[in-house]
Amino acid sequence: KEQLDSGVVLFLGNTESPVNYPANPYPFRQDSTFLYFWGLDIANAAALIDLDENLELMFLPDPGPDEIIWSGPGPTPDSLAASSGARPAGSFEQLHSLMDRAMRQNRRVHFLPQYRPENILRIASLLNISWEQINEKASLDLIRTVVSLRSIKDVQEVQEIEKALEITRAMHVRAMDLSQPGLTERDLVGAMFAIASSMGAPNMAFPPILTTQGQILHNPHHGNELQSGDLVINDSGAEAPSHYAADITRTFPVSGRFSQQQREIYAIVLRAVEKGIEAVRPGLAYRDIHFDVSRELVEGLSSLGLMKGDTESAVSAGAHALFFPCGLGHMLGLDAHDMEDLGEAHVGYTQDIQRSPQFGANRLRLAKELHPGYVLTVEPGLYFNPLLIDRWEAQGKCREFIDYRALDRYRQFGGVRIEEDVLVEEEGSRVLGKPLATSISDVEELTSERRERP
């Protein structure tokens, strides 16, 4: 209220969304901004802040007999509104009349961009504007205000992220422990879901990326059979019951032992993630850390004869992006990619720090200056995508920095990624959660435990 001048601020919670017929909805997930300000994990809720009259109003569905029969009794709308700190103001129909009055008075209505079609249509109906214009007319002042507030995590929020990390760590340990030739990726994914469910996680923070095809950054398929000699990338995270998210990645060998080639690439990525974490501190632009880590990756690849020439020139030319075609990390909070629904341009960038057009760097989600209270991921990787290698080689791209002949031995390598969740503190940073194996010896020990037990 202090940051916005006048008008009304509209917050829509999410509705139930059917899978294939109305009585069979997807698992409900509340809008993260609605959760942040109001704390109500219930469908069909809406809230309004009247900046001029200094009112906070909550609009909630009144459960009828059907809801009580099928779902059981629950808190009353009045008690839910009281728990949110708002005044109960009836149902969605009452919100319509209030919005009609505000519009007749030519008052400004602040609302956020919408990502669900149901809420786009609800706002279109409330404000009598075309659904195609909804996100164009979202309040830039409100977006900036919400981003400024949600970006800084307080002690309780960090504790919730660490609860999510406790569940996530157990998921990763189970996947490493279970891994062996002959199983499929889905066997490991299913085991992780079981762990998360047993520990009270309401949802995964995002669909798990668990794959032996590590060169594909977000491979959503889990049908590959695990083979001796394969590397598994496991990029996954659970939500705490509060819905705060975790997001970590580990890479491990199915056989329990890295090959020499795998050890060399893994060691480069491990040095890069350590360098990135060490660099995280207030006042430094994350874009600069991204390029520092990119230079570390180039130095490592040059030591193996895969890259050549001056490191600084190679990174300036974007040659490293053949192996690292993405950004170093992103904000983390109530979303795995925190506040991405509000627009990366507002969350990860500023008017002074704009997105790079260069391949690879253009995928950096967080580039702006870091501040105490930010929670972010540091996740460098090296990826050997044969299709991308073929394309660059055919184009003669960056030949002065890349030895394509030497790359032939790595065409079927896959990829390696290591990811940690990091809190920016007043004097530096802290890796959140209990430690989980990252060194080669620790990963091999953890991955081999099951096969070595009688």
The ring pair (Phe, Tyr, Trp, His ring centres under 6.0 Å) partners of Phe323 (sequence neighbours excluded) come to Phe384

The ring pair (Phe, Tyr, Trp, His ring centres under 6.0 Å) partners of Phe324 (sequence neighbours excluded) come to His290

For Arg411, is there an ion pair with Glu393 - N to carboxylate O distance below 4.0 angstrom?
yes

Give me each pair satisfying salt bridge (charged side-chain N to carboxylate O under 4.0 Å, His left out) with a member in [range], each pair once, sequence neighbours excluded.
| range | value |
| --- | --- |
| residues 192-213 | none |
| residues 180-208 | none |
| residues 290-305 | Arg271-Glu296, Asp292-Arg295, Arg295-Glu312 |
| residues 319-336 | Arg150-Asp335 |

Establish, for the pair Lys153 and Tyr244, whether the NZ or CZ atom is under 6.0 angstrom from the six-membered ring centre and no further than 45 degrees off its axis.
no

Going by atom types alone, do [X] and [Y] pair a side-chain donor with an acceptor below 3.5 Å?
| X | Y | value |
| --- | --- | --- |
| Thr211 | His221 | no |
| Thr249 | Glu379 | no |
| Asp352 | Thr350 | no |

query: Would you call the rings of Phe11 and Trp38 parallel, tilted or perpendicular if under 30° counts as parallel and over 60° as perpendicular?
result: perpendicular

